[in-house]
Number of protein chains: 2
Amino acid sequence: MGRAPSRPVDSRMQDIAEAKKRCARVAPILKTLAHPQRLFLLCRLAKGEATVTELRDASGASQSLISQHLTRMRREGIVQARRDGNFIHYRIVDPKLSALILHMEKTFNE
Amino acid sequence: MGRAPSRPVDSRMQDIAEAKKRCARVAPILKTLAHPQRLFLLCRLAKGEATVTELRDASGASQSLISQHLTRMRREGIVQARRDGNFIHYRIVDPKLSALILHMEKTFNE
DNA sequence: CATGCATATTAGGATATTATAATATTTAAA
DNA sequence: TTTAAATATTATAATATCCTAATATGCATG
C-alpha cells in the first residue's frame, strides 16, 4: 500500500505558504488603515493631495498627532510628501491603495 | 459686508462628521483583519466554512491562539460558529466582508 | 538675521495587543 | 461512566500602540 500521490499535498502546502506570505505582507498595510484617524486621513487623501494643515483642520486632531501618523505612513511607503513653500502636500503613493480605500468606503456605506 | 453663504460650509462640515463616523465604524473591522494570522483565517473562511482543526492545521498556530482569535471575531460579530458533533464550523457572517477580503486578495496579488 | 508659520521629532506614561502555558468545558464513543 | 478528542477560557508576561506636551526644524519675509 503506497502513499497517496504526494504532488497535490505538496502543492496545497505551497499554496498555504504563499497565502501566509501574502497575509504577512498585507497585514501591516491594513494595520495602518485600522485606525479611525489614519483611515480618515487616507480617505481624504484617496480623493487627492492635501496639506498637513488641511488634514489637521478636517480631522480636528493635534498637529503633532497628525504629523506622527503621516510620518509613520511615509516610513511605510504608503504616502509621499512634497514641499511647496511652507506647506507640505501629502499623497497616497499606490493608486491601487487609493482605489481600495474608495472601494471600502462604498462597501461600508449604508 | 455680509458673511459668505453659510450653507456650503455647514454641509461640508457635516460631510466630515459623517466620514469620521464611518471611519470609527470601519476601523475596528479593519483592526481585526490587520493581523497576519487572523487575516489568514479570514482568507480561508472567505472561501467557505471551516472547522477549528482545519484552521489550526492550515495556519500552524496553537489551538489556544486560534480559538482566541475566533472568539474575538465571534464577539465582534464578524464570524459565526456552528457545532457539528465534536467539531465547530466557523463562517463569515457578512457576505460583503467575504467579498472585500477576496477583493483585497486580488488587489494585493502580484 | 529675527520673527512667524508650517511641520517634524522626541520623550513619557497610559493603555492595548499578543503569545504561551495551564486548565476547563463539551461531546462522542468505548 | 471513563476516556479521549475538539474547543474554550483564564492568567500573565512581553511588547506595541496611542496620545500629549515640549521642543526642534525648515522656510519665507520684513
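When reading the values below, keep in mind they use all heavy atoms of this one structure, side chains included, and skip hydrogens, waters and symmetry mates. Keep in mind that this is a model prediction, so the values were computed, not measured. Every chain is numbered from 1, with letters handed out A, B, ... down the list of sequences.
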Quiz item: Within the side chain of R56(B), is there an N or O that forms a donor-acceptor pair under 3.5 Å with the backbone of Q63(B)?
Solution: no
Quiz prompt | Salt-bridge criterion met for K31(B) and E76(B) (N-O under 4.0 Å) | solution = no
Quiz item: With a 4.0 Å cut-off on heavy atoms, is T71(A) in touch with a base, just the backbone sugar-phosphate, or nothing at all?
Solution: sugar-phosphate
Exercise. Ignoring backbone atoms, establish whether Y90(B) has a side-chain N or O less than 4.0 Å from OP1 or OP2 of dA8(D).
Key: yes
Quiz item: Taking the side chain as C-beta and beyond, is there a heavy-atom pair between I29(A) and F108(B) under 4.5 Å?
Solution: yes
Self-check item: Letter per nucleotide, 5' to 3', of nucleotides 17-30 of chain D [B base touched, S only sugar-phosphate touched, - untouched; heavy atoms, 4.0 Å]
Solution: -SBBBB---BBS--
Practice problem: Would you kindly give the CZ-to-C1' distance between F87(A) and dA8(C), to the nearest whole Å? | Solution: 16 Å
Self-check item: Heavy-atom side-chain proximity of L70(A) to I88(A) below 4.5 angstrom
Solution: no
Self-check item: Nearest-angstrom distance from the residue atom CD1 of I66(B) to P of dT9(D)
Solution: 15 Å
Quiz item: Whole Å only: how far is the CD atom of Q80(A) from the C1' atom of dT7(C)?
Solution: 18 Å
Self-check item: Non-hydrogen side-chain atoms of I92(B) and M73(B) separated by less than 4.5 Å
Solution: no
Quiz item: With sequence neighbours left out, which residue pairs that include part of residues 19-71 of chain A fulfil the ring-ring contact (aromatic ring centres under 6.0 Å, His included) condition?
Solution: H35(A)-H69(A)
Quiz item: Between dT25(C) atom C1' and L70(B) atom CG, what is the distance in whole Å?
Solution: 17 Å
Quiz item: Within this structure, what is the CD-to-C1' distance between E54(B) and dA5(D), rounded to whole angstrom?
Solution: 16 Å
Self-check item: N/O (side chain, R74(A)) to phosphate O (OP1/OP2, dA8(C)) under 4.0 Å
Solution: yes
Quiz item: To the nearest Å, how far apart are I88(B) CD1 and dT27(C) C1'?
Solution: 10 Å
